[in-house]
Amino acid sequence: TSPLVHEKIWFEKGKYDEAERQYYQNLAK
Amino acid sequence: MASGTLYTYPENFRAYKALIAAQYAGGNVKIAPGFVFGETNKTDAFLKKFPLGKVPAFETEDGQYLTESNAIAYYVANSQLRGQSDLEKSQVLQWLGFADSEILPASYAWVFPCLGIMQYSKQSTERAKEDVKASLQALNIHLLPRTYLVGERITLADIGVACTLLQLYQYVLDADFRKPYQNVNRWFTTVVNQPEFKAVIGEFKLCEKMAEFDP
Amino acid sequence: MASGTLYTYPENFRAYKALIAAQYAGGNVKIAPGFVFGETNKTDAFLKKFPLGKVPAFETEDGQYLTESNAIAYYVANSQLRGQSDLEKSQVLQWLGFADSEILPASYAWVFPCLGIMQYSKQSTERAKEDVKASLQALNIHLLPRTYLVGERITLADIGVACTLLQLYQYVLDADFRKPYQNVNRWFTTVVNQPEFKAVIGEFKLCEKMAEFDP
């Protein structure tokens, strides 16, 4: 088994970044 | 002493790192007035300086551009904050990396649903809690014999890790949950009550009741 | 010149950063013989040194412990690689942060399903491709008038970003996809063909056919 399988990777970072962006953009408005 | 203009939205923990570092170093870091997130950072003028359109973003007083919050904090810091020896400088980078790769993903996964920023998933939240425990445990072991993360004075390591923990300590690390991590609590409380921190983040109130997802 | 022992599994791009930096700096970095990922890093002896059990992990020859690949690479580097002025040092950190926060998640999301390491999701892959395009475009603009990312010599910025791009250039950035990013291609080719890189990663072969998920 590839060691990469055991690496802890934040696959969903993009989703969280986008959600954070939307949240603060809405706050800015 | 570095000076310049910081582009950010309010209450951005990433921007706090640079602002607190500037307090220690005595640099003049002004927050760009009139910056509207979602608008200003999509203008051609902004994208010419900062092609990815992200914040925090920093323009030095002599017209250089920096992004990535750790880089900006480093630039406006002083030699105490950056670490003295090569080992200390590396240890500072280690803790900044730890904050970004270990604490931040778990913090977002746990707190964002509570704030309505993301959808709730029981599995994600439970895993995030376990990840937070692992991070706090690693910090707790390290801080048993130490006042600060690196060396005997505050460095960017303390600033970076503390700023990344703000959200957790504010919303979800209630007294019960944080009880096993006394060394971290001691260190965190000391750090956020330094005048340089208070000048940026104000009075910090520790979580009393763990926030939860409210459908 | 820093020396010590690096714990890692083979072909770990994070470990490459430190190994390549050591090639430039002349340090003696040995890879721990007999290290078995999933076993050695779960032993009490390892966890006592490196509580989170992650690799790469580094033990200096005088018994200090470092984790986080950028910190290890920094430690074994020299002043050329770290950047000369405060601005250059900050720019090096900026690009290391860019590699970790902008390139890496998208690279994993795109490539891992092709390697059978994670499940395929059309939506995730398409978003990852767009994120990779945005990162390459930012690099392409930056590298139009520049040979290296920071200053006029190779630094940890080039090492970190190039190592983080290895997977993409190996598996998915075929000639068509990478065609719009000529400056990045020029820079990447130059960097991976430096003797110090080749000593660690060998001859690098650019992607000929874009890997895809095979159910």
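Each chain gets a letter, A, B and so on, in the order the sequences are listed, and its residues count up from 1.
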Passes ring pair (Phe, Tyr, Trp, His ring centres under 6.0 Å), F188(C) versus F204(C)? Steps please.
-> CA-CA 11 Å; F188(C) 182 80; F204(C) 186 79; 5.4 Å; yes
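Legend: residues meeting side-chain contact (heavy atoms from CB on, under 4.5 Å) with A25(C), ordered by chain and number and at least two apart, are N78(C).
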Could you list every donor-acceptor pair linking chain A to chain C (distance under 3.5 Å, backbone and side chains)?
unit_1	atom_1	unit_2	atom_2	d
E7(A)	OE1	R14(C)	NH1	3.4
E7(A)	OE2	Y9(C)	OH	2.3
E7(A)	OE2	R14(C)	NH1	3.2
K13(A)	NZ	S101(C)	O	3.3

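The CG atom of L104(C) sits 10.0 Å away from atom CG of L165(C), with the distance rounded to the nearest 0.5 Å. Distance CG/L206(C) to CG/L173(C): 9.0 Å, rounded to 0.5 Å.
Closest non-hydrogen pair, G160(C) versus L96(C), comes out as CA-CD2, 3.8 Å. Residues V150(C) and A157(C) share a closest heavy-atom pair of CG2-CB, 3.8 Å.
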